[in-house]
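The structure under discussion appears below in the form of structure tokens.
Numbering of ligands and ligand atoms starts at 1, following listing order.
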Amino acid sequence: MAQTYSIVIKGGHVIDPKNKIDGILDVAILDGKIARVAENIDEKEGKLVIHAQDLYVTPGIIDMHVHVYYGTKMDQGLMNGPNSVQPDAFSFRSGVTTFVDVGSSGWRSFPDFKDQTIDHSQTRVLAFLNIAGEGMRGGPFEQSTKDMDAHLAAECAKKYPSIIVGIKLAHYSGHEWEPTDSAVRAGNLANIPVMVDFGSSEPPLSLDELFMKHLRPGDIFTHPYAYFPKTREAVVDENGKVRPLVFEAQKKGIKFDVGHGGGSFRWSQAIPSIQQGFIADAISTDLHTGSMNSGMKDMSNVMSKFLNMGLSIQDVILRSTWNPAQIIKRPDLGHLSAGSEADISIFSLSKGNYGFLDIAGEKMKGTQKLVAELTIRAGRVVWDLNGIAVPDQK
Ligand SMILES: [Zn+2]
């Protein structure tokens, strides 16, 4: 009998929130695309058979907040500098198939980022363009309002519509709203969302004004669980109550992205938020050299934190696949519909005694941890922790 499929994944617990799939099913892949998700696909039909009993099979994970414009300009931070990281070194081993770099490059530096990193990565790398022309070059480069050009940013975004999915404003420490508004103007011109990393102005600017007067429905506020008392209003007040304004913002359609990072995730903000129902729409890492070896670690660790704070595994997967795909307006990603690119993650869920650190070194104990067992990108196995894609040798 001819083998119909290149890969058949047998017997895993498939979670595909977009298609409301949550059960033991098989997945068939052909020509780099999802062919079928169904019960009892005959394993004889697969050239390669992956046994996924007791494992979770999910759409390829989307981490919508990373910094991967790595390079050798040692004084340039996240922009072609030493603080960004190589995408393939961190993605597949954590179940991630799509990284979204948020603002490391701007309209002036994006072509270099594309040539140097995006075009040479197996990981799908998408980008938010910094409204500052240079991107995250640090210091005065991110403060120069003269270099924040909505028209040039929008033109660049429209030139690369398959890669550029948003506009970013970050690290601005002035008290004018013009940088926010010019990012939104660029977003309007290119019809893409804006992400704001807000929190460098002392005293802080008003979050209520940001959400209600400046951002549009669909725009993104990152680092919601950060705590910077001098420069940014916290989402949880001194009495441990989530401030009503974030629920109002969610009602308006503002999206929240975790952006854990090396400084932006505190249990004192996250735990009461989750308990009181303020849950970030997208789970993401803010991966860079300042977060990779600290409390953040990697995407599966950040997903595990939310699992241990009480989210169901289905909800964690939703917020790491279909939610971010919708936020970045890429409905082709984040699900296992037949015909879509075969980006698939397979996780085990380990039970035991674990500790999870926030950015201040405070520990939350937990009992479960997601481990990326196998990752498939465009129909190819790109990560196989325990050799489950290789038949046992006789
Ligand atoms: Zn960031």
Side-chain angles (χ1 to χ4, degrees), residues 62-71 76-87 89-91 94 96 98-106 109-110 113 117-118 123 125-132 134-139 141-143 148 153 164-173 179-180 183 193-201 210 215 219-228 231-232 255-266 269-270 280-299 301-302 305 320 324 327-328 358-359:
I62 301 171
D63 182 351
M64 67 166 281
H65 189 144
V66 301
H67 297 283
V68 292
Y69 186 7
Y70 71 104
Q76 292 189 182
L78 296 161
M79 176 257 179
N80 196 18
N83 299 347
S84 282
V85 300
Q86 188 185 10
F90 289 85
S91 53
S94 187
V96 175
T98 298
F99 270 155
V100 185
D101 181 285
V102 288
S104 306
S105 72
S109 52
F110 176 79
F113 176 36
T117 304
I118 297 174
T123 311
V125 179
L126 306 175
F128 276 57
L129 210 58
N130 205 307
I131 190 65
E134 291 287 298
M136 291 183 172
R137 194 169 167 178
F141 292 99
E142 290 172 80
Q143 303 303 324
M148 297 178 186
I164 297 175
V165 295
I167 302 287
K168 177 93 183 278
L169 170 69
H171 307 153
Y172 186 68
S173 60
T180 307
V194 166
M195 178 189 283
V196 181
D197 167 354
F198 211 64
S200 308
S201 311
L210 174 70
L215 296 184
D219 287 337
I220 304 138
F221 182 78
T222 188
H223 309 314
Y225 305 128
Y227 183 65
F228 301 114
T231 55
R232 213 203 73 190
K255 301 298 175 187
F256 292 85
D257 140 65
V258 172
H260 186 304
S264 303
F265 185 90
R266 294 288 295 270
Q269 294 288 308
D281 302 278
I283 295 173
S284 67
T285 61
D286 192 7
L287 170 70
H288 53 76
T289 56
S291 64
M292 66 191 197
N293 292 324
S294 67
M296 190 286 285
K297 297 182 176 66
D298 60 21
M299 185 63 175
N301 188 58
V302 178
K305 288 183 174 186
S320 315
I327 293 169
I328 63 171
D358 72 3
I359 64 96

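- Two rings, from H65 and H260, have their centers 6.0 Å or more apart.
- Here H65 meets the criterion, with an N, O or S atom under 2.8 Å of the Zn ion (ligand 1).
- Contact annotation: H288 places no N, O or S atom under 2.8 Å from the Zn ion (ligand 1).
- Side-chain contact between M195 and I167 is absent, with no heavy atoms from C-beta onward closer than 4.5 Å.
- Closest to the Zn ion (ligand 1) among the N, O or S atoms of D286 is OD1.
- The main-chain N or O of G106 is never found under 3.5 Å from a side-chain atom of N130 such that the two would form a donor-acceptor pair.
- The main-chain N or O of M299 is never found under 3.5 Å from a side-chain atom of T285 such that the two would form a donor-acceptor pair.
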